[in-house]
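Notes follow once the structure below has been shown.
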Amino acid sequence: MSPGPIVPDRPDQPGRAVPGGVSADGATPAARDPGPPTPAEAVPPELAAGALPTEPTPDEAPPAGPVTDEAIPAGPVTDEAVPAGSAGGVRAERTVLRLARPYLGRLVGAGLLAAATEFAGLALMATATWLLMSAAGRPPLDRLTVAIVAVRALAISRGVFRYTERLAGHDAVLRMITDVRARVFGTLAARRDTPSQRSGDALSRLVSDVEAVQDLLLRVLVPGAAAGLVSVLAVGGAALISLPAAGVLAAGLLVAGVALPALATALTRRAADEVAPLRGALAVDAVDLTHGAADLAAFGATGAALAAANRRARRLARLERRLAAAGFAVDAAGVLVGGLTAAAVVAVALRAGVGGVLVGVLAVGALAAVEVALALVGAARQHTQLRAALDRVAALLTGPAPATGAAPTPGTGTGIAPSPAVGAAGTTGRTRAGAPAGAGTEAAPSGHDVRFDEVTVRYRTGAAPALDRVSLDLPAGRRVAVVGPSGAGKSTLAAVLTGAVRPDTGRVTLDGLDVSAYPAEDLPRAIGGLLAEAYVFHASVRENLLLGRPRASEAELTAATRAAGLLDWVRAQPADWDTVVGEEGGQLSGGQRQRLALARALLAAPAVLVLDEPTEGLDPAAADAVLASALAATPAGHSVLLISHRLSGLAGLDEIVVLDAGRVVQRGRHAELVARPGWYREQWLLQAAAERGYLALTP
């Protein structure tokens, strides 16, 4: 339902302003709290029915849920919580690396191939140096044959090793990233207790932050391990020629591979920790400025919003310049360390009486070995920049997973009706009215009893409660309307019922069990419907309707759209059911968009149907007709929770509950409330007079 303007003295109002709008208190778009997210917002357009294949290919990981073989197990990865942006970075890395266990063999192979690549390059430089310096003395050709063949073999093998290392490493990491991104998306979609989460920041977590996991493996661990192993081999090779020279080389490698990485980390840590959150904030700004452009312009706030976004962009640019300058300084120091190490190795080797050709081999080998060790500097710098992003990813991977073990089993007496995938063992055999059993239809969920027991919700600490000790019974088959002024808590009540918001105190039970105990993927089959600001995807009418019931027949689509008053419009379109409605339903009027969302809710037919302002945007006559048709289309035994500002059409409901300031102030049937002084009677008289005037003016 439409939230109306944000009321300054009601900070608990769960209103959802248009993205990019300006609240009454002057908050900037990025700082504004959008209120509780609706379940529809968690589903991207690409997951609309028909947009993806019904079965994943063998090389693809399923988008959510438990998977087999090399997949990530469902539930938390570790029992340790990861404090984002704190000293929990090591734990965050451990959490992420646990996800790499199924691909450990591939990653170890990639690391060994990377080490072989670097060692081949080092050996190539040393062998080529020996060959050139030896050839200067014009020895017999047979003395150089082995070196000539070795140079060719090392040059070719270096390219082969590099190619196979990239192939093996990226194969393992991309498989892992598929699983991680599915887990992160599943966590973001199932979140019920983070009303301040913004879609732009969620996108940043899903894309940029998840890519940090890829960089951790490909740009930190694999090259770092390879550099360390090759450095040890280089010192061992130098020791075969001269132990003192090997000692000097080891000291130079320690400076290049330990001291310089530590220096790079110290110089960039503070700035790097701010980069990931700033990128998330800029993503939020982009969403606000794009989708809220019209509202910002209407209120003259475009300049202020652009200025805030520009400040963050300039701050991010300064941080990145600082990181680049620190990287340049450390790289210059690395070049200096390489030259000094080579010079010291030559001096010590000459003092130890090493021959001229071998001195040259040691010098060039030292330069090559230090260059390999400097890869640790790049790995350390990259690791520092990844810490904040890894913390954010790990916080999602270690958060509470939707309950599975404690939840009732679908198909049991107190559980949620099974999905079509449950199979014969869990099928109840019930179908929707008019649909023949076994004709490809889905089992209809049976009725459920819902109870609100002293539920209190606060969106912010210290604010007035959005719901204040609300109790409500909604047994199977009962139809209840919740009415009241804007900001009374009606949409919050629906959000608590659907699991989008968790109550601070009290509980909501479904057949005696707490709603939060049910798996997030199963709950919508029992409780769902048309929620506030239902999202319409950039897809066809058919795909939008099939979102909650992918296997519905065309006859069922027809019945749902007829009940919502949309069928005539669909039939009038050249593409019929395949008419594309545009981004966020942009090709539809407000009333058509609302009817499409209502038809989708009726088609899904949950056991407890929630209708939040189902007739918003319709004229009074059409609103009454659509509401009556929707209630008539609801299967017998299914409950209905209707939230409405309009009081017309409520006479046939079993109970009407009046909310004000989060509290129940009146309850009863329509005839009782109209006869009793109070808010309901006053609004009924006002609305009746207003609608009589509207109808009198209608031609």
Nearest 0.5 angstrom please: [X] [atom1] to [Y] [atom2], how far?
X: L546; Y: L557; atom1: CG; atom2: CG; result: 5.0 Å
X: T302; Y: D295; atom1: OG1; atom2: CG; result: 9.5 Å
X: E556; Y: T558; atom1: CD; atom2: OG1; result: 9.5 Å
X: L609; Y: L602; atom1: CG; atom2: CG; result: 6.5 Å
X: R451; Y: L474; atom1: CZ; atom2: CG; result: 12.0 Å

Expected output: side-chain [X] to main-chain [Y] donor-acceptor under 3.5 Å:
X: R595; Y: L566; answer: no
X: K490; Y: G484; answer: yes
X: S639; Y: G477; answer: yes
X: E543; Y: F537; answer: no
X: E454; Y: T505; answer: no
X: S629; Y: A625; answer: no
X: T498; Y: G528; answer: no
X: R681; Y: R676; answer: no
X: D449; Y: A476; answer: yes
X: Q666; Y: L673; answer: no

(message) One pair to check against side chain to side chain contact (heavy atoms under 4.5 Å, CB included): I527 and Y518. What are the steps and the verdict?
(response) CA-CA 11 Å; I527 303 174; Y518 289 86; over 6 Å; no
So do [Y] and [X] actually touch side chain to side chain, heavy atoms under 4.5 Å?
X: Y680; Y: V665; value: no
X: V640; Y: L653; value: no
X: R646; Y: P620; value: yes
X: H670; Y: I656; value: yes
X: P614; Y: L642; value: yes
X: F452; Y: P503; value: no
X: V483; Y: L650; value: yes
X: L686; Y: Q683; value: yes

For [X] and [Y], which heavy atoms make the closest approach, and how far apart are they?
X: P606; Y: A601; answer: CD-O, 3.8 Å
X: L282; Y: A309; answer: CD2-O, 3.7 Å
X: A466; Y: Y459; answer: CB-CE1, 3.7 Å
X: L510; Y: A526; answer: CD2-CB, 3.9 Å
X: P465; Y: T456; answer: CB-CG2, 4.1 Å
X: L296; Y: D288; answer: CD1-O, 4.2 Å

(request) Answer yes when D468 and R663 have at least one side-chain N-carboxylate O distance shorter than 4.0 Å, and no when they do not. (result)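 Yes, charged N to carboxylate O under 4.0 Å.
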(request) Could you tell me whether R478 and D473 make a salt bridge, using a distance below 4.0 angstrom between a side-chain N and a carboxylate O? (result)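 Salt bridge absent between R478 and D473.
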(message) With no hydrogens and no angle check, just 3.5 Å: does a side-chain donor-acceptor pair link D612 and S491?
(response)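 Looking only at side-chain atoms, S491 and D612 do form a donor-acceptor pair, the distance falling under 3.5 Å.
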(request) Under the side chain to side chain contact (heavy atoms under 4.5 Å, CB included) rule, what do W569 and T561 come out as? Steps first, then yes or no, please. (result) CA-CA 9 Å; W569 177 85; T561 50; over 6 Å; no
(message) Let's go through V657 and L493 carefully: what are the C-alpha distance in whole Å and the side-chain angles of both, what is the deciding distance for side chain to side chain contact (heavy atoms under 4.5 Å, CB included) to 0.1 Å, and is it a yes or a no?
(response) CA-CA 11 Å; V657 176; L493 186 75; over 6 Å; no
(request) Determine the sole option in R669, R667, R479 for which the side chain to side chain donor-acceptor pair (under 3.5 Å) test with E655 is passed. (result)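 Exactly one pass, corresponding to R667.
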(request) Please test V570 against T579 for side chain to side chain contact (heavy atoms under 4.5 Å, CB included), starting from the C-alpha separation and ending with a verdict. (result) CA-CA 8 Å; V570 173; T579 301; over 6 Å; no
